[in-house]
Every structure is written in C-alpha cells, then in structure tokens.
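What follows is one structure encoded as structure tokens, with my remarks underneath.
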Amino acid sequence: MRLAAAAFAAAAVATAAAPASAATGPSGTVNFYADAWFTTQIAAYDAATLGKGCHRLPSVAHAEWNDSNVAIEVHTTTDCTGHALHFPANDIHSFIRFDARSFRVV
C-alpha cells in the first residue's frame with residue numbers, strides 16, 4: 001500500500017513539474033512565452049527564415065521553446081546588446097528573473 005501511494009505521489013509531482021500543454025507549435029519554430037509556465041505564447045518564428053539579424057519580441061518573454069535546429073541568444077534589450085542567455089537547438093527553458101526583449105540566431 002505504501003509503495004503504491006509513493007508511486008502515485010511521484011507521478012503527481014512529475015506531472016506538476018512539466019510545462020503546460022500550451023507549449024506546442026510546428027517543428028522548426030522558435031517560440032516565446034510571456035510567463036515561465038508556457039501558458040501565454042507571445043511569438044512564434046520560423047527558424048528557416050530568421051537569418052542572423054536581431055529580432056525584437058512583441059512583449060517581454062520569460063520562457064522559450066526552441067523546436068528548431070538553430071541555437072539562439074535571448075537579450076534583455078530590444079537591440080540584441082548587453083546581457084544574454086544562450087539556448088541550444090531543440091531546447092525548452094523558463095527564465096523567471098530575466099526579461100527577454102529580443103533574440104538572434106547564433
């Protein structure tokens with residue numbers, strides 16, 4: 001009985017830690033979310049058409065789901081300067097204490 005209860009509790013914790021099902025999109029896209037729980041998508045970009053330039057986000061982002069084969073840098077400024085976070089291809093991350101305002105392919 002205890003083993004079954006422990007297994008149920010572990011499954012509940014694992015389910016709660018997973019990002020919301022809102023984090024979906026077509027393969028080959030770079031997606032940004034307003035919150036760290038992937039519930040409010042603010043932008044989706046086709047990675048094949050991004051190029052190497054700077055891309056200003058329509059509003060502040062606190063999570064990314066990079067479902068593409070390109071790495072990205074996310075910046076706190078609107079012009080891809082200053083402090084940045086680097087995310088590899090095929091990556092999903094939340095960044096609660098980082099206000100992303102732009103990004104570029106690296």
Side-chain angles (χ1 to χ4, degrees):
M1 180 76 168
R2 285 186 201 176
L3 185 57
F8 177 76
V13 169
T15 302
S21 61
T24 60
S27 179
T29 58
V30 179
N31 305 272
F32 291 94
Y33 298 84
D35 55 51
W37 299 271
F38 302 90
T39 56
T40 307
Q41 185 175 32
I42 61 168
Y45 300 88
D46 180 357
T49 63
L50 284 175
K52 296 286 184 183
C54 182
H55 303 279
R56 184 178 182 169
L57 295 170
S59 61
V60 172
H62 289 108
E64 61 81 27
W65 182 45
N66 183 3
D67 189 20
S68 76
N69 62 352
V70 299
I72 60 171
E73 279 185 351
V74 179
H75 296 263
T76 58
T77 61
T78 58
D79 61 356
C80 295
T81 60
H83 185 64
L85 298 176
H86 178 89
F87 299 109
N90 299 309
D91 179 72
I92 187 168
H93 263 97
S94 295
F95 33 92
I96 295 172
R97 295 187 178 132
F98 187 90
D99 293 338
R101 292 182 175 88
S102 64
F103 78 102
R104 66 180 173 180
V105 173
V106 291

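For the numbers below, each heavy atom of this structure counts, side chains included, while hydrogens, waters and symmetry mates do not.
In this structure, S94 has no side-chain hydrogen bond (donor to acceptor under 3.5 Å, both in side chains) partners at least two apart in sequence or on a different chain. Under the side-chain hydrogen bond (donor to acceptor under 3.5 Å, both in side chains) criterion, N69 pairs with no residue, sequence neighbours left out. Residues satisfying the side-chain contact (heavy atoms from CB on, under 4.5 Å) test with A89, not counting sequence neighbours, are none. With sequence neighbours left out, S102 forms a side-chain hydrogen bond (donor to acceptor under 3.5 Å, both in side chains) with no residue at all. Taking the salt bridge (charged side-chain N to carboxylate O under 4.0 Å, His left out) definition, one finds that D46 meets it with nothing, sequence neighbours left out. Every residue was checked against the side-chain hydrogen bond (donor to acceptor under 3.5 Å, both in side chains) condition with H55, not counting sequence neighbours, and none meets it.
Grouped by direct or indirect side-chain proximity (heavy atoms under 4.5 Å, Ile/Leu/Val/Met/Phe/Trp/Tyr only), V30 sits with F32, I42, Y45, L50, L57, V70, I72, V74, L85, F87, F95, F98, F103, V105.
In terms of modelled atom types and a separation under 3.5 Å, the side chain of N66 and the main chain of A71 share no donor-acceptor contact. Proximity of a side-chain donor or acceptor of R101 to a complementary backbone N or O of V60 within less than 3.5 Å is not detected.
Applying the salt bridge (Lys or Arg N to Asp or Glu O under 4.0 Å) test to every pair with at least one member in residues 27-38, sequence neighbours left out, gives no pairs at all. Applying the disulfide (SG to SG under 2.5 Å) definition to pairs two or more places apart or across chains, those involving residues 51-106 are C54-C80. Applying the salt bridge (Lys or Arg N to Asp or Glu O under 4.0 Å) test to pairs two or more places apart or on separate chains, those with a residue in residues 71-93 are E73-R104.
Taking all atoms of both residues into account, the shortest heavy-atom contact from V106 to H86 is CG2-CE1, 3.3 Å.
Rounding to the nearest 0.5 angstrom, the gap separating the CZ atom in F38 from the NE2 atom in H62 is 12.5 Å.
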* Run the side-chain contact (heavy atoms from CB on, under 4.5 Å) check on N90 and D67 step by step: do they pass? -> CA-CA 5 Å; N90 299 309; D67 189 20; 4.0 Å; yes
